[in-house]
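Nothing here was measured: the structure is a model prediction, and the numbers come from that model.
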Amino acid sequence: MPFKVLFIAHARDADKEKHRSLIETGTYHLYTVLVKNQDEALQVSKDFTDNKNIDSILLCPGFTHTDVAEISKITAGKVAVAVARGD
């Protein structure tokens, strides 16, 4: 069974249904979705957790600590939630 990761990034002009992709190998699936705001990020996180059986969510650095906590809560602890950080 492949390890499945959802990467979410913010873009003001994003269409969450259109701006998405999947890169997959036999052992790894990387989903990407661009969202306009936190509400959309929550919707996408819940949808992928419930319907794609993902293992992890990786968020772009634009997500705040509060955003991360909300996403962790909405996924009911079923997946790891991490944030990409840069120096």
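Atom CG of L42 and atom CG of D67 lie 8.0 Å apart (nearest 0.5 Å). Here the CD1 atom belonging to I57 is positioned 9.5 Å from the CD1 atom belonging to I74, to the nearest 0.5 angstrom. Atom CG in L58 sits 9.0 Å away from atom CD1 in I8 (nearest 0.5 Å). Once rounded to the nearest 0.5 Å, the distance linking OG1 of T32 with CZ of R20 reads 9.0 Å. The line from CZ of F3 to OG1 of T25 is 12.0 Å long, rounded to the nearest 0.5 Å.
Shortest non-hydrogen contact noted between V35 and K16 is CG1-CB, 4.4 Å. Contact record, A9 with C60: CA-SG, 3.7 Å, taken as the closest heavy-atom pair. The minimum heavy-atom distance between A84 and P61, with the atom names listed, is O-CG, 3.0 Å. Across all non-hydrogen atoms, the minimal contact from Q38 to E70 is NE2-OE1, 3.0 Å. Residue V68 comes nearest to F63 through the heavy atom pair CG2-CB, 4.3 Å, listed as atom of the first residue, atom of the second, then distance.
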Practice problem: Evaluate the side chain to side chain contact (heavy atoms under 4.5 Å, CB included) criterion for residues H29 and L22: first the C-alpha distance (whole Å), next the side-chain angles of each, then the deciding distance (0.1 Å), finally the verdict. | Solution: CA-CA 7 Å; H29 292 184; L22 169 60; 4.0 Å; yes
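There is no path of hydrophobic side-chain contacts, each under 4.5 Å, that joins L6 to L34. Hydrophobic cluster membership differs between F7 and L59, with clusters built from Ile, Leu, Val, Met, Phe, Trp and Tyr side chains linked at under 4.5 angstrom. In this structure, V79 is not a member of the same hydrophobic cluster as L30, with clusters built from ILVMFWY side-chain heavy atoms closer than 4.5 Å.
Applying the 6.0 Å contact sphere to CD1 of I23 captures no more than 12 heavy atoms from other residues, nucleotides or ligands.
Although no hydrogens or angles enter the test, the distance criterion places no donor-acceptor pair under 3.5 Å between the side chain of D47 and the main chain of Q43. At distances below 3.5 Å, at least one donor-acceptor pair connects side-chain atoms of T49 with backbone N or O atoms of S45. In this structure, T75 contributes its side chain and K78 its backbone to no donor-acceptor pair below 3.5 Å.
For Y31 and F48, the ring centers are positioned less than 6.0 Å apart.
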